[in-house]
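Here is the naming used below: chain letters follow the sequence lines, and residue numbers restart at 1 for every chain.
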Number of protein chains: 2
Amino acid sequence: MARWQPDARERLQQAALELFAEQGFAATTVPAITERAGLTTRTFFRHFADKREVLFADEAELPAYAEQLVAQAPAGTSPLAIILEGLRGLAETRFEGRRDTIRQWRAIVATDAGLRERELQKRAAMAAAVRDGFRARGLDPTRAALLAETSTTLMYVSVTVWLETDDDRKLYDIIETALATLRATLDA
Amino acid sequence: MARWQPDARERLQQAALELFAEQGFAATTVPAITERAGLTTRTFFRHFADKREVLFADEAELPAYAEQLVAQAPAGTSPLAIILEGLRGLAETRFEGRRDTIRQWRAIVATDAGLRERELQKRAAMAAAVRDGFRARGLDPTRAALLAETSTTLMYVSVTVWLETDDDRKLYDIIETALATLRATLDA
DNA sequence: CCGATGATGACACGCCGTGTCATGACGGTA
DNA sequence: TACCGTCATGACACGGCGTGTCATCATCGG
């Protein structure tokens, strides 16, 4: 029989999510999480860099994936088309059908300033990866930075709208609408 | 004679800046800052919410100011024109002529992940204020959010370009160029 | 002259995050 | 069967951050 129960990392995530929902992020101590998971405090910090990170671990590999996707898109594809394709994939694989889960996740993040900061950092990491992907395919650095930042803006604002609506409007439709709105606003 | 030396807050900022530059942000403890400033640790946290905040205190009132500026712009002015006017004012009053200072400031922020996170939070606070300013004048909420986020993107990317160049190109010129680049990229 | 105010000092304390060494299951090898 | 390296975890100490709380004492208005 194993010395330790398996899936320590997953158990920690599970315990943390439960406790955050029950009593809030700030009121939950790391020792409380590890106690529920049957581990020690030190082990928590071997799996997650800090207490906030346990809420963001699932999307850790997204930036590297996005960078590859952008860098390796077929030659000749327009930058905007690459972005839209990427956002469509993101919307379908990681958002569509999970609206309630994402709402709950956002509710937790919204309660704590530190968590909101960490979310911004994750968005920035995504933007930096996309930017580097475009630079890798030779796009002008400034244009790459602007487009990458704008893509995360489009995604974030659209997700917010998508979460606020009650009908079953597709996230990607909202993204396309947002892009049209942004274009119109910048051309005014 | 006064019981305490005046300008406690300014002395703390000064001491912190010096120590961060001398030995780095992470290696500088709050007690070290307060010792140099001739105060106690507890007093530091009465003036600044946390150790990072001492580097951002000077721009604390900017978001509220920006929100007012946007909300009270002459009726009929296009949203984009309001943004460009605001960015021009920002560029001229808080950036132009201070390039070396800002470079040093950014160098400190770049060394620490926590400081980079805090900088993102400040950008987000600016964007939220601008967004609320536009909503206050009746702009569509989604359009307000997109435009606000895009305006901070324009500013941030342009400042980065401006800091990297050695010639004396005006920041506002770079902003206008960036806007043109973004338009072209989104219309492709 | 007096009471309210408000900034600072002094002190205790809980929690975060890290360094370091010990422990013991697992897998490969002879 | 015996041995040995690997690796995740336990155990422990510790510095630093940020907060709660009460005391101190200049300043200011009445």
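- In this structure, A/F44 atom CZ and C/dG17 atom C1' are separated by 11 Å, rounded to whole Å.
- Protein atom CG of B/D112 is 16 Å distant from nucleotide atom P of D/dG16, rounded to whole Å.
- Proximity of A/E96 to A/W162: side-chain heavy atoms (C-beta onward) are separated by under 4.5 Å at one or more points.
- What separates NZ of A/K51 from C1' of C/dG14 is a distance of 12 Å, to the nearest Å.
- Ion pair A/D173/A/R88 not flagged as a salt bridge, since none of the NZ, NE, NH1 or NH2 atoms sits closer than 4.0 Å to an Asp/Glu carboxylate oxygen.
- Straight-line distance from the CG atom of A/L39 to the C1' atom of D/dA11: 14 Å, rounded to whole Å.
- Taking all atoms of both residues into account, the shortest heavy-atom contact from A/L120 to B/Q121 is CD1-CA, 3.6 Å.
- Set against C/dC16, D/dT21, D/dC17, the side chain of A/F45 has C/dC16 as its closest nucleotide.
- The side chain of A/T41 contributes no N or O atom lying less than 4.0 Å from OP1 or OP2 of C/dG17.
- The nearest pair of heavy atoms linking B/L146 to B/T150 is O-OG1, 2.7 Å.
- Out of C/dT8, D/dG10, C/dC16, the shortest distance to the side chain of A/T40 is found at D/dG10.
- The base of C/dG6 lies outside donor-acceptor range of the side chain of B/R46, with no N or O pair under 3.5 Å.
- Residue A/I33 contributes atom CD1, which lies 13 Å from atom C1' of C/dG17 at whole-angstrom precision.
- A/D7 places its CG atom 15 Å from the C1' atom of D/dT9, with the value rounded to the nearest Å.
- In this structure, of D/dG18, C/dT8, D/dT9, it is D/dG18 that holds the atom nearest to the side chain of B/D50.
- Exactly one of B/R118, B/R123, B/K122 qualifies for a salt bridge (Lys or Arg N to Asp or Glu O under 4.0 Å) with A/E117. That residue is B/R118.
- Rounded to whole angstrom, the span from the CZ atom of A/R42 across to the C1' atom of D/dA8 amounts to 12 Å.
- If you measure from atom CZ of B/R9 to atom C1' of C/dA7, you get 14 Å, rounded to the nearest angstrom.
- For the pair A/H47 and D/dA8, the criterion of a side-chain N or O lying under 4.0 Å from OP1 or OP2 is not met.
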